J.: 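The structure that follows is given in the form of structure tokens.
Protein chains get the first letters and strands the later ones, always in sequence-line order, with residue 1 at the start of each. Keep in mind that what you see is a predicted model, and the values were worked out from it rather than measured.
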There are 2 protein chains.
Amino acid sequence: MASIKDVAAEAGVSVATVSRALNGHPSVSPAARARVLAAVDTLGYRPNAVARSLRTDQTRTLGLVISDVMNPYFTELARSVEEEARALGYSVIIGNADERPDLQDHHVTTLLDRRIDGLLVSPTDGGSPRMLDAARAGTPMVFVDRWIPGVDVPVVRSDGRAAVRDLVAHLHGLGHRRLAIIAGPAATTTGRERVDAFREALAAYGLPLPDAYIGQGDFQAGSGRRVTEGFLDLPEPPEVVFAADNLMALGALDAVRARGLRVPEDIGLAAFDDIPWFVHTDPPVTAIAQPTRDLGRAAVRALVERIAGRAGESVALPARLVVRRSCGEPPPAGSAEQPGEHPAEHPPSPSPVRRSTP
Amino acid sequence: MASIKDVAAEAGVSVATVSRALNGHPSVSPAARARVLAAVDTLGYRPNAVARSLRTDQTRTLGLVISDVMNPYFTELARSVEEEARALGYSVIIGNADERPDLQDHHVTTLLDRRIDGLLVSPTDGGSPRMLDAARAGTPMVFVDRWIPGVDVPVVRSDGRAAVRDLVAHLHGLGHRRLAIIAGPAATTTGRERVDAFREALAAYGLPLPDAYIGQGDFQAGSGRRVTEGFLDLPEPPEVVFAADNLMALGALDAVRARGLRVPEDIGLAAFDDIPWFVHTDPPVTAIAQPTRDLGRAAVRALVERIAGRAGESVALPARLVVRRSCGEPPPAGSAEQPGEHPAEHPPSPSPVRRSTP
DNA sequence: CCTCCTCGTGGAATCGATTACACGGAGGAT
DNA sequence: ATCCTCCGTGTAATCGATTCCACGAGGAGG
């Protein structure tokens, strides 16, 4: 592979001139520039990014460590991150942690070894020493979706509180009173927050959230299945199960179906994270949709700010409820909502979206 | 960030000794090694992969350019590729081409600029000049899923011919005669091959594949929708639509539902590529499953062989039919299959898998 | 006791770029 | 005519590793 020396020789100039010509430096004569460009063309020369990175101490690469690639939410996030990064002249290296702290650590380490310019992380746990060290040492870093309390790093996430309130209002309006949740791992902020939001929303309606109705999941389909089986075995099973992510909802659907039961007739189902497939499941699943694209974009922008040495602000974008059929038939469109159904303290957020088929 | 010089100073040895100690070179005294290790520890030193790559001319990184990250088939492929690569001591940089040749070219270029050790590509088209040049120039390269005829590069893919025959047998057995296909882009091998296999299988039953029953898609949901609408507008619409990938099947489902029609009562649907969600759609979708994990593994192994300077063999693993309900109710398990249903020339391959819920 | 290996170590070249600094020549000002 | 400035260019240092080569010390063999 041709190097800058070969180009210099071919063009009959020094390597310095080649470098300057290629980087748009002003003081290069038009003649020299033309000869360099010609030489580049005949040799098919492409600058060696490795050498350049060594010298300039920047790789124009961002690292993204996500919790689980097989989760459509995260793949959409990854996609939008890559898109925005590309627009800003960066490449992205994705590391998939598969919800495993050891894998997360592995990726953070290799990414740091590669001297990426900045790191986007959706932490699976409290954070490995290596990650915390990097954050303290000043490596530009931004948390996406999930974060680690007490670490001074901007957080880009979506706020689901209002949407969860809307969901509970919706369920309550449908007459459901025994509501259960499949929680995410307590080590993650999203795992905890969604339970808290749910409990809070229930409290507003005077509904309890007994421990038996809090199932411990790990954001994977298998745990959704197991927890749901547990719920169904209860003497008094819940009327609706709210899964804290889409994969666990899928598992719940499995479990219900395996018992020969039907959604929503026998038990209702709702999920955090909306994904295209939820429109086509049997039945279509009521879900809380995050503004994934915007999240990815905002995260990259915040990170690039940090790389430039500026602050980089935390962002929390609101999620919104998308009502489908998995919790029971919603009242036909146009029919009046029963007044008094919502407690005065918590008026529903403006117009939860109502979608059927796209 | 501490460099090898800092470690050398701290340990009171030369950089050469540090390098040797860290790379397990035999001729380093135990005492020196211990001092180096201690210095590494106190400084939190990690070797700079960029500098190392420049010197050794290898990055221990593989590039993977896939056609579309949002397609679950490709994300599973990416995952298994990363897994196998990690086991072999490589990192993977994923580039998402989004079925766009220009994006594919962009990623191939940046990957090559980064001097990755090898490239895994699932080409969206006939191949950009840059990619073909790289292949000719001897960059270790392997095609996955799709390939480019006439280029001397190993291909790792799955062979769907037998499964497509099984599918047609299944449809024919259900009494369907008017079968249509939503094809992938003609620029891709998978786009062409699946149509050919389908046509061939139909021919074995004396069934035609009129041009009106071949819809041109692009492996994205939108095209599946459009093509299906076209089919439904036909004076004599097909009884079953076979989508050449899972996204187009999703689009077809949309289109059918938008007309207020039902699957399989009004029209049947089958898809190439099986994905977890097909179990949960309404109805569950009959699909042809590829051994995605094995494909990813085989591809990485072939590529690593090439990097080592060896041949690296092409692989074609068989896909298999998974029957669900989207083409009509399969005969109840245990009931005799109607003899004479299958033409003698093409006995069905051994036992297509029959699955309901996992 | 001298010579020759072997072993551990350090010095320095090297990979391919960027960039500070020096230098020569042209042109303008005095 | 002389001097200064500015422009285009080249030389060489540098980034952080790896690795060839040389060197000194110590041990073995004659």
J.: Look at B/Thr56 and D/dT18 and indicate whether a side-chain polar atom (N or O) is within less than 4.0 Å of OP1 or OP2.
T.: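 For B/Thr56, the contact criterion (side-chain N or O under 4.0 Å from OP1 or OP2 of D/dT18) is not met.
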J.: Answer with base, sugar-phosphate or nothing: what part of the nucleic acid does B/Val28 contact at a heavy-atom distance below 4.0 Å?
T.: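 The residue B/Val28 makes sugar-phosphate contact but no base contact.
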J.: With heavy atoms under 4.0 Å as the rule, sort B/Val13 into base, sugar-phosphate or nothing.
T.: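 Sugar-phosphate: the residue B/Val13, judged by heavy atoms under 4.0 Å, touches backbone atoms but no base.
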J.: Of the listed nucleotides (C/dG16, C/dA17, C/dT19), which one gets closest to any side-chain atom of A/Ala16?
T.: C/dT19
J.: First locate atom OH of B/Tyr90, then atom OG1 of A/Thr110, and finally report the distance between them rounded to the nearest 0.5 Å.
T.: 15.0 Å
J.: Could you give the CZ-to-P distance, from A/Arg35 to D/dT9, as a whole number of Å?
T.: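 Between P of D/dT9 and CZ of A/Arg35: 8 Å.
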J.: Check every atom of D/dC15, C/dA12, C/dT9 against the side chain of B/Ser27 and return the nucleotide holding the closest atom.
T.: C/dT9
J.: Considering only side-chain heavy atoms of A/Val15, which listed nucleotide, D/dA12, C/dG10, D/dA17, is closest?
T.: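 For A/Val15, the side-chain atoms sit closest to D/dA12.
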J.: At less than 3.5 Å, do the side-chain atoms of B/Arg52 and the base atoms of D/dT18 form a donor-acceptor pair?
T.: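 There is none.
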J.: Just checking A/Ala32: base, sugar-phosphate only, or nothing, at a heavy-atom cut-off of under 4.0 Å?
T.: sugar-phosphate
J.: Looking across every strand, which nucleic acid part, if any, lies under 4.0 Å from B/Ser19 by heavy atom: base, sugar-phosphate, or nothing?
T.: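 Answer is base: heavy atoms of B/Ser19 come under 4.0 Å of a base.
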J.: Considering every strand and a 4.0 Å limit on heavy-atom distances, what is the contact class for B/Asp57: base, sugar-phosphate, or nothing?
T.: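 Touches nothing.
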J.: Would you indicate, yes or no, if D/dA17 has its OP1 or OP2 atom less than 4.0 angstrom from a side-chain nitrogen or oxygen of B/Lys5?
T.: no
J.: Closer than 4.0 Å, any side-chain N/O of B/Asn23 to the OP1 or OP2 of D/dT18?
T.: yes
J.: When you measure only distances, ignoring hydrogens and angles, does the side chain of A/Arg20 come within 3.5 Å of the base of D/dG10 through a donor and an acceptor?
T.: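 Yes, the side chain and the base share a sub-3.5 Å donor-acceptor pair.
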